[in-house]
There are 2 protein chains.
Amino acid sequence: MTVTIYDVAREAGVSMATVSRVVNNNPNVKPATRKKVYEAIERLGYRPNAVARGLASKKTTTVGVVIPDISNAIFAEVARGIEDIANMYHYNIILCNADKKKDKEIRVINTLLEKQVDGLLFMGGAVTEDHLVAFRTANVPIVLCATSDENDQIPSVDINHEEAAYDAVMKLISQGHRRIAMISGTLQDPANGFARFQGYKRALEQAGITYDDTLVRIGNYRYESGVEAMKYFIELPERPTAVFSATDEMAIGAIHCIQDSGLTVPGDFSVISVDNSRMASMVRPQLTAVAQPMYDIGAVSMRLLTKLMKKENVEQSKVLLPHEIVVRQSVGGVQA
Amino acid sequence: MTVTIYDVAREAGVSMATVSRVVNNNPNVKPATRKKVYEAIERLGYRPNAVARGLASKKTTTVGVVIPDISNAIFAEVARGIEDIANMYHYNIILCNADKKKDKEIRVINTLLEKQVDGLLFMGGAVTEDHLVAFRTANVPIVLCATSDENDQIPSVDINHEEAAYDAVMKLISQGHRRIAMISGTLQDPANGFARFQGYKRALEQAGITYDDTLVRIGNYRYESGVEAMKYFIELPERPTAVFSATDEMAIGAIHCIQDSGLTVPGDFSVISVDNSRMASMVRPQLTAVAQPMYDIGAVSMRLLTKLMKKENVEQSKVLLPHEIVVRQSVGGVQA
DNA sequence: CTGTTAGCGCTTTCAA
DNA sequence: TTGAAAGCGCTAACAG
């Protein structure tokens, strides 16, 4: 039924070793022989069995990527960076969605490891002790991508989320805002949640503004939670004049909530966020945001992983990529 | 280094066959033995090698999913449906992005087949002769998901794109619009492109409106191309009063273009599209759209694939799911 | 430059 | 209920 390397060998009148060589581009084959083999392959429609190959060679040329939420545009862009570099180095990638659920993440990591991937890229989300346990039992390299673990035990590439948030809030402060609200992600999320919240607080402190926890709402990164949070802020007796959102999508929810209430951006409220996804331009007014280099985060982490898989030694295993602020139209000076 | 089934067998004082049985939940194992084996597994931290297992059993319990564009929200939602059902039937899925490039699609299909997936789900995009060739050489079942081939040779699940488009345009016509523009996808794309364009034409014809090709622009499904197309329509000497967009994202681009020109929706232009992605609510005015049941398309196609993989016989191999129109705020009556 | 021959780690008859 | 043993399709020494 299925044609194997053995069938090809017979058809071409050579040994399977020779067929294996031509399939793997081993230079030690006489051109004439190579041609014969290729013809046999063609004639028989031979397709190498990657499973058998993986078992024999103990390499699958496949890296597993766990993505916390496939419907999040940020991760999609990171994935694109991962892919391009993976292709460049002739690795296949298998993407596994984990639905933002910790237990599913662990499950997926183990599945990937059972499938004998040559390396693992773990994207986004919190890295808990359970993750670390799963990682430790892996005997392939692992790189964290757009996240990092608390003690920097695992190689990672990311931006400095705390600083990105700090910069965003500072932008608001530089425009004269003093009463600045925040729509945060869950504080359990070290990167998009906790770190950005810390940056927010530091900026306030720096500017001598006392932190007020009535000005902070926790969202779930979805549009609707941005709407909800903003609704709350608008109803506050003493409204903020600016809002810092941990992510673009919630920021857009906030903008629409403001507009639906008959108020304006940036007239009544300035809005800024961290991410700068494609969405930032897909709203009116367009969103001012601190940009994280999603594609690069993916590309660099994949590149790091290839080095690790080839056992090249790497200078630094924790890399922080630069971020920058992209000014559009959602931030203005404070109302007179 | 790595612990194998043989190590576990020795540690537990049984044969590898027995270990294999407990790992695979074969009932023919005495509970006491089973317990011993589990303990040995625990003690050694044994993780079954899926590659070896796949080679021996000729099954990988894995299905390959090729997704044309990972950054497209529609496909993300379909993928979610696929996943849920896959998990339910204990299949792993490996997602491969094909970047909307035909040659990459073919490459990815072949890679997946080499990896010995038990089935293949091909999402979106055109199904060309080259695809069919790759599919034919596969000896595992394949189902098309959110697309279909010209002659319905391959099992598929989708909506009736032609009818969906027809319904959308009819909605516009019922509101009194006669001069209706379309932002189409490429006509090479059978589903989102060609079929929706056909539906547009049929609706016009039905209403006795003569088709005018200056009112059709081809976009690439991106926001920016919606903006471009709309810019063109606005500058037309004889402007349309309504716009039908093949997809949500282009529709949103069109809406913003209208607003940026100082015009309004639905005052100056009504806008309608097919998709009804999450984005449809993330714009002001909110987008009226014909909803395709993305999640269901994914779920049903995966369910169909499981049947095919188990060689159960299926009644119909081409299933069309129903669509419906979701009225929001972007469509109004024609100006007096 | 090419062939022979062990495995890779597991499943699966077949016997016991 | 358990074990022995034969592969699954391929790679990788090693020999020639």
Side-chain angles (χ1 to χ4, degrees), chain A residues 1-38 40-41 44-62 90 110-111 113-118 139-140, chain B residues 1-38 40-41 44-62 90 110-111 113-118 139-140:
Chain A
M1 170 85 231
T2 61
V3 3
T4 73
I5 199 173
Y6 182 74
D7 300 320
V8 176
R10 220 181 8 180
E11 174 82 10
V14 298
S15 72
M16 17 188 298
T18 299
V19 178
S20 176
R21 288 195 187 93
V22 345
V23 169
N24 292 292
N25 280 313
N26 183 315
N28 295 336
V29 182
K30 201 165 43 171
T33 315
R34 184 180 301 274
K35 183 151 174 293
K36 268 196 310 189
V37 172
Y38 273 134
I41 287 177
L44 266 39
Y46 169 64
R47 188 179 350 240
N49 181 326
V51 171
R53 195 195 291 228
L55 183 58
S57 68
K58 302 176 139 253
K59 275 178 295 160
T60 54
T61 59
T62 299
H90 302 294
N110 281 312
T111 302
L113 260 15
E114 284 180 8
K115 286 198 189 306
Q116 313 300 119
V117 293
D118 294 340
N139 34 25
V140 295
Chain B
M1 170 84 228
T2 61
V3 3
T4 73
I5 199 175
Y6 182 74
D7 300 321
V8 175
R10 222 184 6 184
E11 174 81 11
V14 299
S15 72
M16 13 186 304
T18 300
V19 178
S20 176
R21 289 195 186 93
V22 346
V23 169
N24 292 294
N25 281 312
N26 184 316
N28 294 337
V29 181
K30 202 163 46 170
T33 314
R34 186 181 299 276
K35 183 153 172 292
K36 265 196 312 189
V37 172
Y38 274 134
I41 286 176
L44 266 38
Y46 169 65
R47 187 178 354 237
N49 180 328
V51 171
R53 197 197 290 228
L55 183 59
S57 68
K58 300 173 141 257
K59 275 178 296 162
T60 53
T61 60
T62 299
H90 301 294
N110 282 313
T111 303
L113 259 16
E114 285 180 9
K115 287 197 188 305
Q116 312 298 119
V117 293
D118 295 339
N139 35 26
V140 294

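Excluded from the calculations below are hydrogen atoms, water molecules and symmetry mates; all remaining heavy atoms, backbone and side chain alike, are included. Residue numbering restarts at 1 for every chain, and letters A, B, ... go by the order of the sequence lines.
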ask   = Which is it for A/Thr60 and A/Asp118 under the side-chain contact (heavy atoms from CB on, under 4.5 Å) test, yes or no, and what are the steps along the way?
value = CA-CA 6 Å; A/Thr60 54; A/Asp118 294 340; 3.3 Å; yes
As a quick check of understanding, evaluate side-chain hydrogen bond (donor to acceptor under 3.5 Å, both in side chains) for A/Thr62 and B/Lys115, giving each step before the final call.
CA-CA 10 Å; A/Thr62 299; B/Lys115 287 197 188 305; 2.6 Å; yes
Q) B/Val117 and B/Val140: which non-hydrogen atoms are nearest, and at how many Å? A)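 Heavy atoms of B/Val117 and B/Val140 come nearest at O-CG1, 3.3 Å.
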In short, A/Ile5 meets A/Tyr46 closest at the heavy-atom pair N-CE1, 3.6 Å
Using atom [atom1] of [X] as one end and atom [atom2] of [N] as the other, report the distance to the nearest whole Å.
{"X": "B/Lys35", "N": "D/dT1", "atom1": "NZ", "atom2": "P", "answer": "18 Å"}
{"X": "A/Glu114", "N": "C/dC10", "atom1": "CD", "atom2": "P", "answer": "10 Å"}
{"X": "A/Asp118", "N": "C/dC8", "atom1": "CG", "atom2": "P", "answer": "18 Å"}
{"X": "B/Lys36", "N": "D/dT1", "atom1": "NZ", "atom2": "C1'", "answer": "12 Å"}
{"X": "B/Asn28", "N": "C/dA15", "atom1": "CG", "atom2": "P", "answer": "18 Å"}
{"X": "B/Asn26", "N": "C/dT13", "atom1": "CG", "atom2": "P", "answer": "11 Å"}

| message | Checking B/Thr33 against B/Val22 for the side-chain contact (heavy atoms from CB on, under 4.5 Å) test, could you report, in this order, the C-alpha distance in whole Å, the side-chain angles of both residues, the deciding distance, and whether it holds? | response | CA-CA 9 Å; B/Thr33 314; B/Val22 346; 5.9 Å; no
Q: Would you indicate what B/Val14 reaches in the nucleic acid, counting non-hydrogen atoms under 4.0 angstrom: base, sugar-phosphate, or nothing?
A: sugar-phosphate
Ignoring backbone atoms, establish whether A/Thr33 has a side-chain N or O less than 4.0 Å from OP1 or OP2 of C/dT2.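 Looking at the OP1 and OP2 atoms of C/dT2, one of them is under 4.0 Å from a side-chain N or O of A/Thr33.
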Rounding to 0.5 Å, atoms CZ (A/Arg47) and CG (B/Asn110) come to a distance of 5.0 Å
Counting primed atoms, P, OP1 and OP2 as sugar-phosphate and everything else as base, the B/S/- map of nucleotides 4-10 of chain D against protein heavy atoms under 4.0 Å is B--BBBB
